[in-house]
Structure formats: C-alpha cells, structure tokens
Chemist: 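Handing you a structure now.
Chain letters run A, B, ... following the sequence lines, proteins first and then strands; every chain starts at 1.
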Amino acid sequence: MKKVLVIAGLTASGKTSLSIDWAKKFNGEIINGDSQQVYRGLDIGTAKISKDEMENVPHHLIDILDYSERFHVKAFQELCREKINDITKRGLLPILVGGTGLYLKAALYDYQFEEETDQAEEYLDQSTEDLYQELLRLDPISCEKIHANNRVRIVRALNMAKQGQLKSARIASQKQEALYDVFWCVLAPNKEQIDQRIEQRVDMMFEVGLKKEVEKFFSEKECRKYQSFQAIGYKEWAPYFELNVDLATIKEKIVIHTRQFAKRQKTWFKNQLPSRFVDSLNNEDLDQVYQEVSQWLQGD
RNA sequence: GGGGGGGUAGCGAAGUGGCUAAACGCGGUUGACUGUAACUCAAUUCUCUCCGAGUUCGGCGGUUCGAAUCCGCCCCCCCCCA
C-alpha cells in the first residue's frame, strides 16, 4: 500500500512550516489539500506559501486555477491521486498538507463521484421546503441525514437523484476504507493560542497588502459570484466597496470568521477521522509525532 | 442653566400593563457534513438542586390582582440651545 503522510489542521496551526521541515527530513513532496489555495493570485488572503518559503521543496496543486474557475471535491480527488501516484513512483513520500477535511478524506478514502452536470439553476425559483419534499420522494434515505433547511445539500442530493444514482445508494456502496497507508496528523493547538495566532496573521495580511489583492480581483461586482470569493479574507470586503465600511470592521470580521472556521475544522477532524491530534506549538509533542511518523515509515 | 432623546440578557436592538425569562441579529458553546466544504446547516446561550423553581429589563420607592411597560424621586449617557 502506498504511504501518504497527511498534515492537516486548523488554520494558523503551523502546517506550512512543519510541512517543509518534514518534507526535507522524510524526503517528500507536498500536495496542497486546501480548497482555496488552488487559485492563482489569491495569495495573501489564503496564507499561501511563498516561493521562498518552499525552500525548493516541490509543491503540487497550488496555483492551478484562475480565480474565476470552479473547483470541487471530485476534481481534487482525481488530481490528488494522480500526484500521489506520481510522487510515489519516483520513490518519494507524498505529503498532503491542508485544511479542507472533505477533500483530504475523499482523495484518500474510497469515495466515489461520477460525471454529472450542474443543474442548480433549475431549482432557483423553488422553495427549500418544496425541494425537500421532492427529495423525500426520490431519496428518503438521504433526507435522514440532510436537514430540511440545508438547501445546498438538498439541491446536491436532488441533482444526483435526477441524474441516476441516489446519493444514499452511492454512499452505501462504499466501504469507508482508506486506499492508502495514511498517517493523519491534525495540527490543533489550544484555543487561546490559535485565536492569538489568527489575529496576528490577519494583522499581517493587512500589512502586506491584502487590500490591494482583493481590489485587484474583486472590486468588480461581477467577480464576487466566483467560488474563490467565498474564501475568508475576501468575501468580507463587499461592504467596503459598496458601503464604505471602514477597514477595522472588515478586519474584525475576517478574524471572527477565521476563528469560527478553525472551530469547524476541529470538529470535523475530531469526528470524521482516526487522526493523531498534534499540539503543533508544543515542541515535545512535535518530537513525539516525529518519532511516530518515522516508525510508521519504516513499517510496511 | 433650558429643551429633547436615551439607559433591556456578552454586544446591538425589539417590546410600552397579563399570551414576556423577554422577539430578532451578532458574538459564544456544541454538533452535522461524500461535487459550492475557507461552503452549507442544526442545537444551545440569566441562574439553580434544570421535566420544576429562583432572580432580571439603570437605582430606590409607589400604583395595580398583575409592571421592562404607569407614577415619583435619584444616578448615568447622547443631542440641541445658553
């Protein structure tokens, strides 16, 4: 079984620096596992690693899309698996680094997606309640897992049901197994430290020109419907352009959204994966995991 | 000094005699998550010995069967005039 080392974790937990360190020590290459860092030009707001910081360690799946393009799990799954094969073939260790739990899991587990067209527009004029009723007819099992208010998920399941396979049936056909020999590290410092680091990071983003970056891509109203504009650090700027809201307020919003995001990530990793939580701001714990990873690499 | 507006749960803000422990939003907490996932959604958020009880709506006192809501005095904040 191919080995894949995963460095997942909360935003601002220190994934980037650890990944460079380990890539060198374990002779690996890095695959980005972050839904927003795939976009070219969105650098500051996504806290993307810079060329310098890479220290010549090869990075994959960064800057592969224009900010106007759409991206989704299926695409990530395919690209990521290709990279894993490629890196493994060259005798190196693939290190998957990122905070998008679903993407990581979908790439490494036996999740299956199929060719499918997006038909979201079809549902636009229908109420969420109606859509839920329809889904109740077509795929009642999925309804058990999707809340009646969760329009996004309902539309998704409906779309699948109408194009052939039921979402519930597809999930049932999977074994919930990893396709690789995976070591899951989840970097999760304690809350006080994460909150503090988030605040510092956002301050830094403003200092190094986040505003310019956002203006470059999103000052045109049209651009704000792009998926990339969903990213924290970007979407908060709409009131600045439209209502002249001051920068301090924008910044505060970004900090709050980032904190909330970190919490969601933590919940997700805690309950979706058999992962090794790492207090990445604690050197003892880091040494400890380092040993564990080394041992894991030696086994077959 | 005169005139006006205002003080409601962590914050913002409704409520102007009973249906109000008090709408709603934000923030907090917990959780869900298989093609938007940095998304989307849910539960919970005065206190407790928590299926019931106890304290709340600047403070004190009063009217009333009953008050955040009415009356009196006091304290604080904002605006205008002087």
Chemist: Is A:Lys3 paired with A:Asp181 through a side-chain N to carboxylate O contact shorter than 4.0 Å?
Modeler: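 Between A:Lys3 and A:Asp181 there is a salt bridge, with a charged N closer than 4.0 Å to a carboxylate O.
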Chemist: Please name the nucleotide paired to B:rC73 by Watson-Crick or G-U wobble geometry with both distances under 3.5 Å, or report none.
Modeler: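 B:rG59 - that is the nucleotide pairing with B:rC73, both distances being under 3.5 Å.
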Chemist: Quick one: CD on A:Glu144 to CG on A:Asp139, what's the gap to the nearest 0.5 Å?
Modeler: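 Interatomic distance, A:Glu144 CD to A:Asp139 CG, rounded to 0.5 Å: 9.5 Å.
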Chemist: For residues A:Tyr290 and A:Lys25, is any side-chain donor paired with an opposing acceptor at under 3.5 Å?
Modeler: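 No - no donor-acceptor pair under 3.5 Å links their side chains.
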Chemist: Under 4.0 angstrom, heavy atoms only, what part of the nucleic acid is A:Tyr103 near: base, sugar-phosphate, or nothing?
Modeler: sugar-phosphate
Chemist: Of A:Leu18, A:Ile30, A:Val186, which is the lone residue that meets side-chain contact (heavy atoms from CB on, under 4.5 Å) with A:Ile7?
Modeler: A:Leu18
Chemist: What is the nucleic acid contact for A:Gly233, judged by heavy atoms within less than 4.0 Å: base, sugar-phosphate only, or nothing?
Modeler: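 A:Gly233: no heavy atom of the nucleic acid under 4.0 Å.
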Chemist: Classify A:Thr11 by what it touches in the nucleic acid, base, sugar-phosphate, or nothing, heavy-atom distance under 4.0 Å.
Modeler: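 Nothing, no heavy atom under 4.0 Å.
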Chemist: Counting any heavy atom closer than 4.0 Å, what does A:Gln227 reach on the DNA or RNA strands: base, sugar-phosphate only, or nothing?
Modeler: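 Answer is sugar-phosphate: A:Gln227 comes under 4.0 Å of backbone atoms only.
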Chemist: Applying a 4.0 Å non-hydrogen cut-off, can you work out what A:Lys105 is touching in the nucleic acid: base, sugar-phosphate, or nothing?
Modeler: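 No contact at all - A:Lys105 keeps every heavy atom at 4.0 Å or more from the nucleic acid.
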Chemist: With RNA chain B as reference, determine whether A:Lys74 or A:Asp34 sits nearer its 5' end, using the nearest nucleotide of each.
Modeler: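 Looking at the nearest nucleotide for each, A:Lys74 comes out on the 5' side.
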Chemist: Can you find a side chain N or O atom of A:Asn149 that sits less than 4.0 Å from OP1 or OP2 on B:rC41?
Modeler: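 Answer no for this pair, as no side-chain N or O of A:Asn149 is under 4.0 Å from OP1 or OP2.
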Chemist: Assess whether a salt bridge exists between A:Lys48 and A:Asp34, defined as any Lys/Arg side-chain N lying under 4.0 Å from an Asp/Glu carboxylate O.
Modeler: no
Chemist: If B:rA22 has a Watson-Crick or G-U wobble mate with both distances under 3.5 Å, name it; if not, just say none.
Modeler: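 Across any shown strand, B:rA22 pairs with none.
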Chemist: Once you apply a heavy-atom cut-off of 4.0 Å, does A:Glu236 come out as touching a base, just sugar-phosphate, or nothing?
Modeler: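 Result for A:Glu236 = nothing.
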Chemist: Can you tell me the base-pairing partner of B:rU29? Count Watson-Crick or G-U wobble geometry only, both distances below 3.5 Å, and say none if there is no partner.
Modeler: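 Checking every strand shown, B:rU29 finds its partner in B:rA43, with both distances under 3.5 Å.
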Chemist: Which nucleotides of nucleotides 24-33 of chain B have their base under 4.0 Å from a protein heavy atom (B), which only their sugar-phosphate (S), and which neither (-), written as one string 5' to 3'?
Modeler: ---SSSSSBB
Chemist: Rounded to the nearest angstrom, tell me the gap between atom CG in A:Asn32 and atom C1' in B:rA38.
Modeler: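 From A:Asn32 CG to B:rA38 C1': 12 Å.
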Chemist: What contact category does A:Glu144 fall into here, base, sugar-phosphate, or nothing, at under 4.0 angstrom with non-hydrogen atoms?
Modeler: nothing
Chemist: Please work out which of the three classes, parallel, tilted or perpendicular, describes the rings of A:Phe206 and A:Trp237, given edges at 30° and 60°.
Modeler: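 Geometry flag for A:Phe206 against A:Trp237: parallel rings.
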Chemist: To the closest 0.5 Å, what do you measure between CD1 (A:Ile84) and CD (A:Glu29)?
Modeler: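 Answer for the CD1-CD pair, A:Ile84 versus A:Glu29, is 12.5 Å.
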Chemist: Base, sugar-phosphate or nothing for A:Thr100? Non-hydrogen atoms, less than 4.0 Å.
Modeler: sugar-phosphate
